[in-house]
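Have a look at the structure below, then the notes.
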Amino acid sequence: MNLIHLDANARGEDVSAALERDGAVVVDNVLSSGQVDDLMAELRPWIEHTKAGFDSFSGRNTRRTGALIARSPKCRELVMHPLALATCGRFLGHATSYQLHLTQVISIGPGEPAQTIHRDQWAFDFFSFPKGYEVQCNTIWAMTDFNELNGATRVIPGSNRFDDKMRFKEEETIPAEMTRGSVLFYGGSVYHGGGANRSGQTRTGINLTYNLSWLRQEENQYLACPPEIARTLPVGLLRLMGYQLGAYALGYVGDALDPIQVLRPDLNGFGFGYLEGTAEKLRKQQSELWGQDRK
Ligand SMILES: O=C(O)CCC(=O)C(=O)O
Ligand SMILES: [Fe+2]
């Protein structure tokens with residue numbers, strides 16, 4: 001059992017291929033030390049005000065700080081990182097579109113026991129998706145080094161092809177060790193969990209996850225980021241947050257409006273500012289249904 005590492009020049013298709021095969025892969029040293037410092041400078045006040053988790057899965061010694069789009073301009077950039085988008089575009093490219101699923105700084109404090117090994121896609125009401133049908137693409141950006149002692153994420157490479165609802169012990173997993181500034185990519189189907197922190201220091205990672213737009217988002221992006229802030233954000237980011245049609249009839253407002261027209265009436269909504277490939281897929285769906293283009 002071995003976790004693949006790619007270097008920072010890796011392309012989205014390389015990361016996606018590794019994810020398809022193993023369910024998880026580390027890309028080393030994507031962010032500079034200065035970039036990590038800048039992210040942490042914005043996040044620290046929010047982390048300090050975050051309460052610890054309320055159950056063993058969220059972690060009673062772990063702080064989970066969300067709403068990162070509203071709270072941190074640097075995280076907005078990270079959510080749109082070209083390697084993350086290129087990887088998602090490929091790994092989740094079988095659907096019409098994908099969207100931002102959640103934003104969360106996970107700070108695992110000293111003494112936290114290991115989290116239950118799970119699949120993130122269990123969030124979808126424990127529905128068993130067909131093997132090989134990927135619904136989610138996840139990142140954890142290391143803000144501290146991740147090592148076995150301080151609670152590096154535990155993964156089972158190749159478990160993306162295992163049966164659903166299996167149970168594992170910590171010793172059946174390996175730690176996704178990586179340096180500060182590196183990123184762990186992992187699919188929704190790979191078995192993994194936060195590691196036990198047996199060190200004296202907090203382990204901090206930024207968990208940014210993406211899912212197919214026909215599924216619900218784990219973090220409610222419309223309320224986590226108030227409209228006053230959302231109105232100031234780049235259109236590409238708004239589309240990713242869910243201000244878009246997820247498929248032909250998913251997510252419209254009122255009289256069949258594109259949701260971005262409600263937030264930004266100044267924009268001529270349909271087909272504008274979508275991530276690569278999505279507008280074309282939506283048009284294709286329409287022409288299949290109507291036998292013509294809407295333009
Ligand atoms: O913090 C980690 O390393 C992983 C946490 C995790 O898998 C989760 O909360 O779903
Ligand atoms: Fe998880």
Side-chain angles (χ1 to χ4, degrees), residues 3 19 22-27 39-40 43 47 50-68 75 78 100-127 129 134-157 159-160 162 164-170 172-199 201-211 215-219:
L3 182 64
L19 281 180
D22 295 344
V25 56
V26 171
V27 186
L39 279 158
M40 284 308 290
L43 293 171
I47 296 172
T50 306
K51 292 193 180 71
F54 50 85
D55 60 18
S56 65
F57 191 81
S58 56
R60 294 189 173 87
N61 250 323
T62 294
R63 296 178 191 198
R64 293 170 183 268
T65 310
L68 303 184
C75 282
L78 196 59
L100 186 60
H101 192 31
L102 69 79
T103 65
Q104 191 177 94
V105 185
I106 305 180
S107 313
I108 302 187
E112 181 68 60
Q115 190 186 35
T116 302
I117 299 298
H118 61 279
R119 286 178 152 164
D120 276 354
Q121 66 193 32
W122 286 350
F124 302 111
D125 215 19
F126 290 88
F127 180 75
F129 293 97
E134 297 295 340
V135 297
Q136 196 174 334
C137 183
N138 308 312
T139 60
I140 298 186
W141 297 84
M143 296 293 106
T144 57
D145 286 343
F146 274 40
N147 55 49
E148 170 131 50
L149 195 66
N150 76 0
T153 313
R154 313 285 311 191
V155 294
I156 308 180
S159 60
N160 43 324
F162 289 4
D164 206 18
K165 297 176 191 161
M166 292 174 70
R167 294 285 170 199
F168 295 95
K169 299 197 180 72
E170 195 180 347
E172 295 172 278
T173 66
I174 57 171
E177 296 196 309
M178 56 179 169
T179 53
R180 183 175 183 265
S182 302
V183 55
L184 169 69
F185 280 87
Y186 63 106
S189 60
V190 80
Y191 285 93
H192 72 282
N197 189 342
R198 302 184 179 100
S199 79
Q201 255 102 47
T202 299
R203 187 230 72 178
T204 306
I206 304 179
N207 193 202
L208 303 176
T209 74
Y210 309 81
N211 70 332
L215 289 161
R216 190 158 188 199
Q217 289 152 300
E218 220 165 309
E219 181 180 49

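It should be emphasised that the depicted structure is a prediction, and the values quoted were computed from it without experimental measurement. Indexing begins at 1, ligand by ligand and atom by atom, following the structure's order.
Nearest residue to atom 10 (O) of ligand 1 from Arg119, Arg154, His118 is His118 (criterion: closest heavy atom).
Classification of the His118-Trp122 ring pair by plane angle, with boundaries at 30° and 60°, yields tilted. Using bins of under 30°, 30° to 60° and over 60° for the plane-to-plane angle, the ring pair Phe162/Phe168 lands in the tilted bin.
By the criterion of a heavy-atom distance under 4.0 Å, both the backbone and the side chain of Thr153 are placed next to ligand 1.
Using modelled atom types, one finds a donor on one side chain and an acceptor on the other under 3.5 Å when comparing Thr62 with Glu112. Under 3.5 Å, the side chains of Gln201 and Thr144 contain no donor-acceptor pair of N or O atoms.
Using a 4.0 Å cut-off to heavy atoms of Ile140, the atoms of ligand 1 that qualify are 2 (C), 3 (O), 4 (C). Atom numbering of ligand 1 starts at 1 in the shown order; those under 4.0 Å from a heavy atom of Asp120 are 10 (O).
For the atom pair Thr209 OG1 and Glu219 CD, the distance stands at 8.5 Å (nearest 0.5 Å).
Remark: minimum distance from atom 1 (O) of ligand 1 to any protein heavy atom is reached at Arg203 NH2, 2.9 Å. At the top of the distance list for atom 5 (C) of ligand 1, counting protein heavy atoms only, stands Gln115 OE1, 3.4 Å.
Between Arg203 and Glu177 there is no salt bridge, since no side-chain N of the basic residue sits under 4.0 Å from a carboxylate O of the acidic one. Using a cut-off of 4.0 Å between Lys/Arg side-chain N and Asp/Glu carboxylate O, Glu148 and Arg154 are scored as salt-bridged.
Inside a sphere of radius 2.8 Å centred on the Fe ion (ligand 2), the protein N/O/S atoms present are His118 NE2, Asp120 OD1, His192 NE2.
Remark: distances from the non-hydrogen atoms of Arg64 to ligand 1 include one below 4.0 Å.
A 4.5 Å side-chain heavy-atom check between Leu68 and Gln104 finds every atom pair outside the cut-off. Between Asn138 and Asp120 the shortest side-chain heavy-atom distance falls below 4.5 Å.
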